[in-house]
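Computed over heavy atoms, backbone and side chain alike; hydrogens, waters and symmetry mates excluded. Order of listing sets the numbers, starting from 1, for every ligand and every atom in it.
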Amino acid sequence: MDVDALVSEATARIEAARDVAALEEIRIEVLGRKAPLVQALRELASLPPDERRARGDELNRARRSLEGVVDERARELRRRELEERLRTDRVDVTLPGVRHPRGYSHLIEQTRRDILDVFVGFGYVVVDGPEIDLVHYNFDALNHAPTHPSRQVTDTFYIADDVVLRTHTSPVQIRTMEAGPPPVYMATAGRCYRRDTPDATHTAMFTQIEGLVVDRGITLAHLKGTLLGFARAIFGAEREVRLRPHFFPFTEPSVEVDVSCFNCARDGSPCRVCKGEGWVEILGAGMVDPNLYGYVDGYDPEEVSGFAFGLGVERVAGLRHDIPDIRLLWENDLRFTGQFG
Ligand code: PHE
């Protein structure tokens with residue numbers, strides 16, 4: 001074996017290696033276990049002692065020299081690869097970042113908060129009530145006659161003979177009066193359930209907001225003033241309200257409340273919101289029927305009086321945003337809900 005020729009040929013190959021992987025292949029060929037040089041070193045033992053030493057020196061020098069060339073080339077290649085990466089992998093901090101979609105409240109929730117905020121601003125306390133409630137709270141204590149049609153199983157979801165999915169938030173009136181003496185300035189919001197066939201204005205589950213005020217000397221004028229304040233906060237500062245006689249079992253007198261149309265000139269010309277009426281119905285209300293005080297302790301109808309009102313959150317949302325079908329509010333199609341995000 002011509003060691004000098006081997007070294008110069010291997011050195012040339014090592015120095016020409018283009019990357020770390022190619023260099024490793026060459027290293028295995030010239031310095032690995034099967035490399036001629038390494039095999040020659042292994043065979044030294046079989047040489048006669050007088051040749052062994054000189055040959056051993058020569059082969060070991062050759063091996064160290066090649067190892068040095070490999071190390072040098074490896075350092076060089078690594079340095080070049082690092083430089084290349086530093087040049088190309090530059091982070092451009094001025095590029096726009098990856099935007100993550102932001103969550104938002106559903107329109108029903110936004111509307112619920114907007115309305116409750118108005119009553120919180122009036123000084124009302126916000127309370128909660130159960131969605132599954134006793135017939136006692138949902139009907140009996142709210143002065144519904146035993147034969148009242150809304151008690152029927154065709155109108156109301158019964159869990160048991162005496163337990164229903166509440167059909168309105170009015171049971172919270174009784175629960176609130178039970179919980180403590182007057183005065184009461186209370187608002188509550190939550191889901192209610194009725195066995196309605198879904199259509200553009202009905203869903204079997206909906207959201208109601210209830211208000212109850214009981215104090216000394218409360219009159220229908222206070223109710224009207226309160227609802228006027230509410231209507232102006234939610235539908236615009238120019239609004240007026242109108243009370244029309246109505247009936248609810250638990251208020252006397254009872255009224256339906258209209259707000260002046262916020263969509264048209266109110267001159268009788270066609271309007272999709274008020275149908276040319278100039279008024280839009282928004283809620284039901286009335287003076288607390290004195291009978292109700294008989295179901296709780298500490299409320300003397302000779303001493304206190306009160307008013308209550310109830311309104312549909314989906315209806316308010318639908319009116320404010322011109323939503324043609326309230327079922328859209330429950331379908332959770334992001335193309336719809338995203339318009340309010
Ligand atoms: N609970 C009535 C309803 O669901 C609304 C209402 C509430 C009426 C309070 C008067 C007073 O229709």
Side-chain angles (χ1 to χ4, degrees), residues 112 115-116 118-119 122 124 126-131 133-145 148-152 155-157 164-177 184-196 201-215 218-228 230-231 241-259 280-293 295-296 299 304-316 318 326:
R112 190 186 79 96
I115 298 170
L116 283 179
V118 174
F119 293 103
F122 291 169
Y124 288 38
V126 175
V127 304
D128 238 333
E131 287 178 37
D133 211 343
L134 294 168
V135 166
H136 170 77
Y137 289 106
N138 197 81
F139 293 125
D140 299 341
L142 287 169
N143 213 28
H144 285 65
H148 194 278
S150 67
R151 291 179 181 257
Q152 290 173 21
D155 284 36
T156 298
F157 295 105
V164 294
L165 297 185
R166 68 176 174 190
T167 60
H168 48 180
T169 43
S170 299
V172 184
Q173 292 185 30
I174 305 295
R175 290 181 168 278
T176 302
M177 289 196 282
V184 168
Y185 290 82
M186 166 291 266
T188 187
R191 286 176 176 178
C192 303
Y193 304 83
R194 289 183 197 173
R195 291 190 69 164
D196 280 325
T201 55
H202 295 85
T203 49
M205 178 167 77
F206 57 99
T207 316
Q208 230 178 30
I209 288 182
E210 187 91 10
L212 174 69
V213 167
V214 183
D215 205 345
I218 297 294
T219 71
L220 196 68
H222 294 117
L223 172 61
K224 187 170 181 184
T226 299
L227 296 178
L228 181 62
F230 155 74
V241 293
R242 165 176 96 169
L243 309 189
R244 279 181 291 105
H246 198 69
F247 176 81
F248 296 105
F250 40 93
T251 47
E252 181 58 34
S254 300
V255 291
E256 272 190 331
V257 182
D258 298 338
V259 59
V280 185
E281 186 204 320
I282 49 163
L283 56 86
M287 302 307 293
V288 177
D289 190 311
N291 282 349
L292 265 60
Y293 303 130
Y295 287 94
V296 295
Y299 287 73
V304 294
S305 55
F307 64 73
F309 56 86
L311 66 121
V313 173
E314 290 80 5
R315 174 154 175 79
V316 172
I326 64 164

Give me the nearest non-hydrogen protein atom to atom 7 (C) of ligand 1 as residue plus atom name, then the distance to 0.1 Å.
G310 N, 3.3 Å
Salt-bridge test for D140 and R151: reply yes if a basic N is under 4.0 Å from a carboxylate O, no otherwise.
yes
Pair Y185, D215: side-chain N/O donor-acceptor within cut-off below 3.5 Å:
yes
Do the two ring centres, one from F119 and one from F309, sit under 6.0 Å apart?
yes
Run the numbers for me: atoms of ligand 1, each under 4.0 Å from some heavy atom of F309, listed by number.
7 (C), 9 (C), 11 (C)
Just which atoms of ligand 1 are under 4.0 Å from any heavy atom in S170?
1 (N), 7 (C)
For a 4.5 angstrom cut-off between non-hydrogen side-chain atoms, does P171 reach L142?
yes
Any N or O of Q208 closer than 3.5 Å to N or O of ligand 1
yes
Is the contact between A285 and ligand 1 made by the side chain, the backbone, both, or neither, using heavy atoms and a 4.0 Å cut-off?
backbone
So if I count the atoms of ligand 1 from 1 in the order they appear, which ones are less than 4.0 Å from some heavy atom of G284?
6 (C), 8 (C), 10 (C)
Are K224 and T219 packed together at the side-chain level, in the sense that at least one heavy-atom pair is separated by less than 4.5 angstrom?
no
Within ligand 1, which atoms have a heavy atom of Q173 less than 4.0 Å away?
9 (C)
Non-hydrogen side-chain atoms of D155 and T167 separated by less than 4.5 Å
no
Centres of the H168 and F250 rings: under 6.0 Å?
yes
Below 3.5 Å, N or O to N or O, backbone or side chain included: is there any such pair between T251 and ligand 1?
no
Once you restrict to heavy atoms under 4.0 Å, what part of R194 touches ligand 1? Side chain, backbone, both or neither.
side chain
Take every heavy atom of F250, measure it against each atom of ligand 1, and state whether any distance is under 4.0 Å.
yes
